[in-house]
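See below for the structure under consideration.
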Amino acid sequence: MKNNQAIGIFDSGVGGLSVLQHIQQLLPNETIIYIADNGHAPYGCKTNEHVKQRSQIIIDYFISQGVKAIVIACNTATAAIIEHFRQQYELPFIGVEPGIKPAIRQTRNGHIGIMATSTTLASTRYHELCKRFSQQVQIHSQACPGLADQIEAGALDTPEIHRLLRIYLDALHNKHIDTIVLGCTHYSFIKHLIQKMTDNSIKLIDTSHAIAEQLKRVLAQEELRSHSSVGSVQYLSSGSTEQTKATIYHLLSIDVAVMPFDL
Ligand code: DGL
């Protein structure tokens, strides 16, 4: 019975939990395997090759577990490899990418800022996405090195995260943006801080809920919805399982078991 097989979700670390949360709300009876590849993170300052290699290892594992669908809850990995996976495998792949389209609906002055990792911003997929909308708006890309590492460590409101954000938000402010797209799944966890530091004057676009809705649509379309009455999530980490457990507790206030992912 394919329907009761698990859904595989991965990110370079805990960022993808922002997407997982919405998936659990919308699809509470699904079985999920979540992999945080934090032993090989951050992806955002690594080469495309590194991100592709790690993603391939994780996909191979998911396939060996017989998953029915895969969510790449990471903008950086989506940009690097989703097209290749879609051509290579039969099962559905859902990815995340900076929400430029919803930002266009929100902006009033036509200047939108994209906060993302350096690797996402350097990718061909991102360049193509920008090109598609370049007639309609001015897109100002802002790489945010260091931000995901802080969030990964559970540091959501420290002097260091304030310092980094001040630099990135000032740079965007100087471009007169009125809308910011969160182009990295980790950044959802500092949404309130970003909102506070921009005096609530900026519209923030976070697509994590839309990704969960997309997954729900795809599962329905492919007739892959679970028939089980209860769901579950298994957490795996390629980094420190203790640290990951502590960060998950810090971010989501849930106490979960985290198993090692040694590949
Ligand atoms: N959470 C990832 C993303 O959405 C990347 C963070 C990182 O490892 O640099 O892009």
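Whatever order the structure lists them in is the order used to number ligands and atoms, beginning at 1.
With a heavy-atom cut-off of 4.0 Å, Ser12 touches ligand 1 through its side chain alone. Looking at Pro42 against ligand 1, both its backbone and its side chain come within 4.0 Å, counting heavy atoms. Residue Thr76 touches ligand 1 through backbone and side chain together, judged by heavy-atom distances below 4.0 Å.
His22 and His209 have perpendicular rings, their planes meeting at more than 60° on a 0 to 90° scale where under 30° would count as parallel.
With salt bridges taken as basic N to acidic carboxylate O contacts below 4.0 Å, none links Lys203 and Asp178. A salt bridge is absent between Lys2 and Glu222: the closest approach of a Lys/Arg side-chain nitrogen to an acidic carboxylate oxygen does not fall below 4.0 angstrom.
Among protein heavy atoms, atom 1 (N) of ligand 1 sits closest to His186 ND1, 2.8 Å.
Considering only heavy atoms from C-beta on, Ser12 stays 4.5 Å or farther from Asn38 through its side chain. Side chains of Ile63 and Tyr89 form a contact here, defined as non-hydrogen atoms less than 4.5 Å apart.
Taking a 4.0 Å cut-off on heavy atoms, Cys74 registers as neighbouring ligand 1.
Numbered from 1 in the order shown, with element, the atoms of ligand 1 that lie under 4.0 Å from a heavy atom of Gly44 read 7 (C), 8 (O), 9 (O). Each of the atoms 5 (C), 9 (O), 10 (O) of ligand 1 lies under 4.0 Å from some heavy atom of Thr117. Of all atoms in ligand 1, listed by their number and element, those nearer than 4.0 Å to a heavy atom of Asp11 are 1 (N), 2 (C).
Two different hydrophobic clusters hold Ile7 and Ile72 under the rule that ILVMFWY side chains link at heavy-atom gaps under 4.5 Å.
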